[in-house]
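The structure displayed is predicted, hence computed values, not measured ones. So you know, we letter chains A, B, ... as the sequences are listed, proteins then strands, and number each from 1. Keep in mind that the numbers below use all heavy atoms, side chains included, and drop hydrogens, waters and symmetry copies.
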Amino acid sequence: MAAEVKAPPLRADTGAPQALVPGAMAASKPYLANAKMQQALGFPGELVDGWEERAIGRMGELLEQYRSLKVYMDACVHCGACADKCHYFIGTQDPLNMPVARQDLMRSVYRRYFTLPGKLFPKLVGARDLTREVLDQWFSYYNQCSECRRCSVFCPYGIDTAEVTMAAREIMDVVGLGQKYTNEIIGKVHRIGNNLGLPGPALADTLTGLEEDVKEETGVDVRFPLDEKGAEVLLVTPSADFFAEPHVDSLIGYAKVFHAAGIRWTLSSHASEAANFGLFIGNYDQLQTVALRIRDAALELGVKRIVVGECGHAWRVAYSYWNTLTGIGAGGDDPFAQMLQRQLDSRYRQPMHICELTFDLIGRGALRFDAEANDLRTVTFHDSCNVARASRMGDTPGGQFEIPRAIIRTVANRYVEMPSGTTHEQTYCCGGGGGLLSDELLDLRVKGALPRMEALQSVVGSHGVNFMATICAICKAQFSKVLPYYGFKMGMVGGVHQLVSTAIRLGPRT
Amino acid sequence: MTPATIAFAIAFYVAFLVLVLGTGYRIYGYLRVPAPLKIPTTPAPTTRGGVVLRLTREVLFFESLFKAGLWLWLCGWLFHAGLALVLARHLRYFTEPVWAWVVFLQPFGIYAGFALAAGLAGLWLRRVFVARVRYISTPSDHLMLALLLAIALSGLAMKFGAHTDIVAVKRFFLGLMYFDVQPLPADLLLYAHLVLVVLLMLVFPFSKLLHAPGVFFSPSRNQVDDPREHRHLAPWAARLDPKL
Ligand code: SF4
Ligand code: SF4
């Protein structure tokens, strides 16, 4: 690891292509998962004998399971449209962080073992044997991708490097090369129920503490219920919301919204985590097992609606995958899905994002705000990648952009948009997503934040923006850490429902 | 019947079979393998019709590439649009009487030949002079451009330089289609043009040219954004559902 982590200078001309610095990030890699962490997920504890054969075998299976991987391995024409679109490439200038080069780390192996030209003329088509050096390169560079999908926006065939990264991590896991941060956390979810390893009684204490804090501050009895059977709404939120700053302020915001709208809601100690790191490691079993806890909790508590808190990849998993993995959704025609879907209230979207809930309530006039309460803030909005490019809110495409912005405009008077090309579907990742939010990767994370910091700087300079709202626990944690490297205050980042919390009126209607 | 005629006849039959069967086999592979999860790059259409439109924009106008950068888009689009017109123009060698719309296209097809060559040249310059693109290029990427450019230039040379007996060429190809081989004019430029085309047909199913069918099978582009409304299940994933 580099002795000192330093932010690259903000560039004036953000679009300009950079010089290549080959090998700049070759030494960056995450800690290896130890044997215990690996085995808890059913993976071998260390690099297995005959790993090459096993890896190629798994790759062959994945090529038969995932059309995305199969098509993406063949279709790339090396046009380079994606090459300069990755925040990690922009921040590090390491050419292997160009999306197409990252894919080629696997494609070269695919060609060697699965295609005729690669078997006959490896040099000609850039095919390589899966050697130890290549595997080490995988471990390094497939852990320098936040699976943000920005590259897939620009690729003429929609090739999504995130799919390749997930496949690579899955292959590395099955030969025994796991990543500590993600795999340890998934183990905690299985053992304790959430990423932070916060057991049920501690969670209950925390929530009681929050009730007291809010009472003290507002004089109103806003509840934070846990495991309440018969509640209408089950709220599933990232566990960071329970005590990390600034996350907890959004949790308080959700509670105030439920309170003001008179909706009975509850958290679950069994499903006290919205995050699902099974996504990051590309393992279907883990993805499903982790997601099923929410189904169990919903059935157990008998709730009518499931609402998801501010978390990017969790919303992707909830919105795009829960129906597939757990039957949380609608339209299932099999007994497994129907069992749950009969219980859920079909008049509401299932699952629903907390922003959809708040937005609908605002539309119905059920909430009242004093937007002046946020007047000390000049707000901008950072679109989180998994929300922007892998999910939706509301009924029309792009609702995931409009709904959070509409909420902000309702609860705050000063709102400024960052430059186009850095927001909406082209938003830049915070630099810490995809299972990379770990200290040993700090250098990478700081550099990967460069394009977002440049965009932020431009509105700080032009409009005095002092608050960047976002709806992702990883974005919040990542920005809190890296903002100071760029000379910004770490308190500049916060949640959309933090703004809601500041402005919402709790008193009885007059 | 000259040996050259016979050799070309065989070569075209073989190349045609490899192209059709090989590409068909690859497409069968894409069809057979399911997409277990919903992964459209959003914002995405919420209906089938919307997806058809999205793919149409992608195929006709290269919508995503346009977002990526103007120069690359321009070169890529010029090349492909030119190629499409030139191919359409070549239909006159395979139809009798020539279809009316092919007759109509003839004059445009000529300009298209230049557009195609210009686009290719632009793409190659990019590959050589832009460091990022040079870094990711394999020898086969350069060879593919060389092959396409050589086909284009040999074709243009026959059109504007050394004319060949196109009536006889047409007889040869119509003959191939009716399994009645007719003599091919002995013309080196024509030979070169045809050898290169045969090569292109042969490598198609084994190369990145698979991007042509691939674009239709890319889940990030062809999926409907409706995961909350419909339960999307691949057969192998359905088997993993916990038993009730
Ligand atoms: S998914 Fe994001 S992080 Fe990964 S290569 Fe593409 S742009 Fe880079
Ligand atoms: S944009 Fe797509 S086709 Fe072009 S180099 Fe990148 S992944 Fe390959």
Side-chain angles (χ1 to χ4, degrees), chain A residues 17 19-20 64-68 70-71 74-81 83-84 95 98 100-101 104 115-117 123-126 149 152-160 163 284 288 292 319-321 323-324 327 329-332 335-337 339 349-350 389-392 397-398 400 425, chain B residues 26 29-30 33-39 41-46 50 58 62 64-65 67-69 72 76 123 126-127 130-133 135-141 143 203 206-208 210-211 214-215 217-221 225 227-234 236-238 240-242 244:
Chain A
L20 304 182
E64 291 297 305
Q65 285 182 315
Y66 289 89
R67 182 185 290 170
S68 51
K70 195 170 175 78
V71 172
D74 281 341
C76 174
V77 295
H78 282 174
C79 70
D84 55 347
M98 298 191 290
V100 46
D104 275 351
T115 72
L116 194 63
K123 284 259 155 42
L124 184 70
V125 296
R149 315 191 88 196
S152 85
V153 170
F154 303 95
C155 173
Y157 322 110
I159 294 177
D160 179 7
E163 292 288 309
Y284 194 94
Q288 187 172 37
L292 280 169
Y319 174 85
S320 295
Y321 303 163
N323 204 352
T324 299
F336 175 76
M339 177 180 168
R349 299 180 203 103
Q350 306 282 0
R389 289 185 283 261
S391 79
R392 171 159 56 93
Q400 67 269 39
E425 70 168 355
Chain B
R26 301 307 281 256
Y30 300 151
V33 176
L37 294 165
K38 280 279 191 174
I39 58 165
T41 309
T42 58
T46 53
E58 208 58 86
F62 299 3
S64 299
L65 199 60
K67 292 178 193 166
L72 174 59
L123 290 174
R126 203 181 123 80
R127 205 172 273 300
V130 177
R132 293 191 303 275
V133 191
Y135 182 89
I136 55 172
S137 298
T138 60
S140 59
D141 293 324
L143 282 178
V203 300
F206 305 101
S207 67
K208 64 175 184 178
L210 287 168
H211 69 279
V215 60
F217 294 94
S218 172
S220 53
R221 291 289 181 271
D225 174 20
R228 287 193 285 194
E229 291 77 23
H230 298 284
R231 186 157 196 244
H232 172 88
L233 259 193
W236 67 259
L240 300 178
D241 273 354
L244 292 175

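Chain B forms the most heavy-atom pairs under 4.5 Å with one residue out of A/D160, A/L292, A/V153, and that residue is A/V153. Note: A/P95 leads A/P95, A/P117, A/A337, A/G331 in heavy-atom pairs under 4.5 Å with chain B. With chain A as partner, the option from B/A237, B/S207, B/S137 having the largest number of non-hydrogen pairs under 4.5 angstrom is B/A237. Options A/A101, A/C155, A/P335, A/G329 differ in how many heavy-atom pairs under 4.5 Å they form with chain B, and the most are formed by A/C155. Per-residue heavy-atom pair counts under 4.5 Å with chain A were compared for B/G214, B/S64, B/A234, and the maximum is reached by B/S64. For the options B/V215, B/L143, B/D241, B/V203, heavy-atom pairs under 4.5 Å to chain A are most numerous at B/D241. Across A/A330, A/G398, A/G332, A/P397, the residue that shares the most heavy-atom pairs under 4.5 angstrom with chain B is A/A330.
A donor-acceptor pair under 3.5 Å is absent between the side-chain atoms of A/N323 and the main chain of B/E229, judged by distance alone. The backbone N or O of A/A390 lies less than 3.5 Å from a partner atom in the side chain of B/T42, making a donor-acceptor pair.
Only the backbone of B/A44 comes within contact range of chain A, with heavy atoms under 4.5 Å apart. Only the side chain of B/E58 has a heavy atom closer than 4.5 Å to any heavy atom of chain A. Using a 4.5 Å cut-off between heavy atoms, A/Q350 contacts chain B through its backbone alone, with no side-chain atom that close. Proximity to chain A (any heavy atom under 4.5 Å) is shown, for B/L65, by both the backbone and the side chain. Contact of B/H232 with chain A is made through backbone and side chain together, with heavy-atom distances under 4.5 Å. For a residue to count as touching a neighbouring chain, one of its non-hydrogen atoms must lie under 4.5 Å from one of that chain's; by this rule A/Y66 touches chain B with backbone and side chain alike. Both the backbone and the side chain of A/A81 come within contact range of chain B, with heavy atoms under 4.5 Å apart. For B/L123, no part lies under 4.5 angstrom from a heavy atom of chain A. Heavy atoms of A/P156 lying under 4.5 Å from chain B belong to its backbone as well as its side chain. With a 4.5 angstrom heavy-atom cutoff, B/Y135 touches chain A only via side-chain atoms. Heavy atoms of A/L116 lying under 4.5 Å from chain B belong exclusively to its side chain. With a 4.5 angstrom heavy-atom cutoff, B/R221 touches chain A only via side-chain atoms.
The side-chain heavy atoms of B/R132 and A/V100, taken from C-beta on, include no pair separated by under 4.5 Å. Under the 4.5 Å side-chain criterion, counting only non-hydrogen atoms from C-beta, A/D104 is in contact with A/H78.
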A/V77 and A/Y157: side chain to side chain contact (heavy atoms under 4.5 Å, CB included), yes or no, with the steps? CA-CA 9 Å; A/V77 295; A/Y157 322 110; 3.7 Å; yes
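Contact check on A/K70 versus A/E64 returns a salt bridge, with a Lys/Arg side-chain nitrogen under 4.0 Å from an Asp/Glu carboxylate oxygen.
Listed here is the closest heavy atom pair of B/I39 and A/S68: CD1-CB, 3.8 Å. Scanning all heavy atoms of the two residues, the minimum distance from A/C76 to B/K208 falls at O-CB, 3.4 Å. Minimum interatomic distance between A/G80 and B/L72 (heavy atoms only, all atoms of both residues): C-CD2, 4.5 Å.
In this model, a donor atom of one side chain and an acceptor atom of the other lie less than 3.5 Å apart for A/Y319 and B/D225. Remark: the B/S220 side chain and the A/S152 side chain contain no N/O donor-acceptor pair separated by less than 3.5 Å. Side-chain contact of B/T46 with A/R392: a donor-acceptor pair under 3.5 Å is absent, judged by distance alone.
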